[in-house]
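This one's a predicted model, so the numbers in the text were calculated from it and none came from an experiment.
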Amino acid sequence: MTDLSGRAAVVTGAGTGIGRAVALRLARAGARVALLGRRRAPLDAVAAEAKGGALARSVDVRDRKEVERAFDDVAHHLGPLHLLVANAGVGGPDVVAGEDRFDEIVRTNLDGAYFCLRAFERQLAPGPEARHAVVVSSCIARFGVPGIAAYSAAKAGQLGLVRSFAAELAPRGVRVNAICPGWVETSMAADRMREIAAELGRDYDAVRRELLAGVPLQRISEPDEIAGLVEFLCSPDAVGFTGQAFDLNNGAWMG
């Protein structure tokens, strides 16, 4: 296990799924973790579960001022920041019940990641300890899928953010990378599979089997696999990686 003792970390979208797994993994490694998300109840549950406890704060990443206030508060309680995992996001189709969701999806996934990266930069620990930012993107950043143009564009945009911030922060010794998961065993993935099943008028279990049959390893990832990659990126073994996008998706994208 990577030793993150004394490091201050922020995880957004930390109440469920990938964010929850990442937060618990970092806490086990000794980090002092702040959990950010819109719903307080799941954040409090993760904070209670985290080794040594964690700081929970409600924040809407679409609101830049709210993000800045939250990061200021976290730094006040935990000290200067060493690690950001920008995981907060929403998915789903572009149009629901006749309403176009482009603004909501892009604002949450792309603008939210940018706001968090800038707020992290403002509260950055001076070093010499390693500092890292990890953005949780998606394999959908790599290829097109009908009906989810907003999500695809936002996730592809996150990779542009990562490359630019990696170049911008490299002189200060900060590493910035992205992870591009495929299907992960989360409520968000299950909801999307149900939407696809409903669109096709098919049974959920049958659609799930067919979706995974198209993945070379024919499996769905667990949230802790993503958390393990985050931990690796924080380790001394990853010292040479920055500006990269890591495709942890069971072969769904081979590039």
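Between Ser235 and Asp237 the shortest side-chain heavy-atom distance falls below 4.5 Å. Counting heavy atoms from C-beta outward, Val85 and Val10 have side chains that stay 4.5 Å or more apart. A 4.5 Å side-chain heavy-atom check between Glu129 and His82 finds at least one atom pair inside the cut-off. Looking at Val74 and Leu55, their side chains come closer than 4.5 Å, going by heavy atoms from C-beta outward. At a threshold of 4.5 Å between non-hydrogen side-chain atoms, the residues Val135 and Leu161 do not count as touching. Side-chain contact between Arg101 and Val95 is absent, with no heavy-atom pair separated by less than 4.5 Å. Using a 4.5 Å heavy-atom threshold, the side chains of Val230 and Arg25 count as separate.
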Would you check, one step at a time, whether the test side chain to side chain donor-acceptor pair (under 3.5 Å) holds for Asn250 with Ser221? CA-CA 7 Å; Asn250 299 297; Ser221 296; 3.0 Å; yes
Would Arg202 and Glu210 count as a side-chain contact (heavy atoms from CB on, under 4.5 Å) if you check the C-alpha gap in whole Å, the side-chain angles of each, and the deciding distance to 0.1 Å? CA-CA 11 Å; Arg202 301 278 306 285; Glu210 289 179 17; 2.5 Å; yes
What verdict does the salt bridge (charged side-chain N to carboxylate O under 4.0 Å, His left out) test give for Arg209 and Asp205, after you've listed the backbone C-alpha separation in whole Å, the side-chain angles of each residue and the deciding distance to 0.1 Å? CA-CA 6 Å; Arg209 286 193 297 272; Asp205 291 331; 5.3 Å; no
For salt bridge (charged side-chain N to carboxylate O under 4.0 Å, His left out), just list the numbers for Asp63 and Lys65, CA-CA rounded to whole Å, side-chain angles, deciding distance to a tenth of an Å, and then say yes or no. CA-CA 6 Å; Asp63 186 325; Lys65 293 298 183 184; over 6 Å; no
Going through the distances and angles, do Arg28 and Thr2 end up as a side-chain contact (heavy atoms from CB on, under 4.5 Å)? CA-CA 9 Å; Arg28 287 198 302 270; Thr2 302; over 6 Å; no
Criterion salt bridge (charged side-chain N to carboxylate O under 4.0 Å, His left out) on Arg118 and Glu68, from CA distance to verdict: CA-CA 9 Å; Arg118 283 295 180 212; Glu68 290 174 351; over 6 Å; no
Could you give me the CA-CA distance, side-chain angles and deciding distance for Arg142 and Asp247, then say whether side-chain contact (heavy atoms from CB on, under 4.5 Å) is met? CA-CA 10 Å; Arg142 304 297 203 178; Asp247 294 293; 3.1 Å; yes
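From Ser152, atom OG reaches atom CD1 of Ile105 across 11.0 Å, with rounding to the nearest 0.5 Å. Considering CD1 of Ile18 and CD of Glu222, their distance stands at 11.0 Å, rounded to 0.5 Å. Atom OG1 of Thr12 and atom CZ of Arg57 lie 16.0 Å apart (nearest 0.5 Å). From Arg7, atom CZ reaches atom CG of Leu26 across 11.5 Å, with rounding to the nearest 0.5 Å. In this structure, Gln244 CD and Cys180 SG are separated by 11.0 Å, a value rounded to the nearest 0.5 Å. Taking CD1 from Ile140 and CG from Asn109, the interatomic distance works out to 12.0 Å, rounded to the nearest 0.5 Å.
The hydrophobic cluster containing Leu159 does not contain Val134, counting ILVMFWY residues as joined when their side-chain heavy atoms lie under 4.5 angstrom apart, directly or transitively. In the hydrophobic clustering of ILVMFWY residues, with side-chain heavy atoms under 4.5 Å counting as a link, Phe115 and Val106 come out together. When the side chains of ILVMFWY residues are joined at heavy-atom separations under 4.5 Å, either directly or via intervening members, Val176 and Phe232 end up in two distinct hydrophobic clusters. Taken together through direct or relayed side-chain contacts under 4.5 Å among Ile, Leu, Val, Met, Phe, Trp and Tyr, Phe71 and Leu83 form parts of separate hydrophobic clusters. Both Val33 and Leu233 are assigned to one and the same hydrophobic cluster, defined by single-linkage of ILVMFWY side chains at heavy-atom distances under 4.5 Å.
Here the closest heavy-atom approach between residue Thr16 and residue Arg39 is recorded as CG2-NH2, 3.8 Å. For Ser137 against Pro181, the heavy-atom pair with the smallest separation is O-CD, 3.3 Å. Taking all atoms of both residues into account, the shortest heavy-atom contact from Gly89 to Met188 is O-SD, 4.4 Å. Considering every non-hydrogen atom in both Ala56 and Leu43, the closest pair reads CB-CB, 3.9 Å. Summarising the geometry of Gly19 relative to Val11, their closest heavy-atom pair is O-CG1, 3.6 Å, with the distance given to 0.1 Å. Listed here is the closest heavy atom pair of Pro223 and Val184: N-CG1, 3.8 Å.
The pair Glu185-Arg208 counts as a salt bridge, with a side-chain nitrogen and a carboxylate oxygen less than 4.0 angstrom apart. Salt bridge status for Asp72 with Arg122: present, with a side-chain N to carboxylate O gap under 4.0 Å. The residues Arg20 and Glu49 are annotated as salt-bridged, a charged nitrogen and a carboxylate oxygen being separated by less than 4.0 angstrom. A salt bridge does not link Arg62 to Asp111: none of the charged nitrogens lies less than 4.0 Å from a carboxylate oxygen. Salt bridge annotation for Glu121-Arg131: absent, with no cationic side-chain nitrogen under 4.0 angstrom from a carboxylate oxygen.
Side-chain heavy-atom separations under 4.5 angstrom define the hydrophobic clusters, and the remaining members of the one that includes Val207 are Trp183, Met193, Ile196, Leu200, Tyr204, Leu211, Leu212, Val215, Ile220.
For Phe241, the ring-ring contact (aromatic ring centres under 6.0 Å, His included) test picks out Phe246, with sequence neighbours left out.
Without hydrogens or angle criteria, Asn87 side chain to Val136 main chain gives no donor-acceptor distance under 3.5 Å. Judged by distance alone, the side chain of Ser138 and the main-chain N or O of Ala141 form no donor-acceptor pair under 3.5 Å. Side-chain atoms of Arg175 do not come within 3.5 Å of backbone N or O of Gly240 as any donor-acceptor pair. Not a single donor-acceptor pair under 3.5 Å links the side chain of Arg64 to the backbone N or O of Cys116.
Residues in residues 152-164 take part in no salt bridge (Lys or Arg N to Asp or Glu O under 4.0 Å) pair, two or more places apart or across chains.
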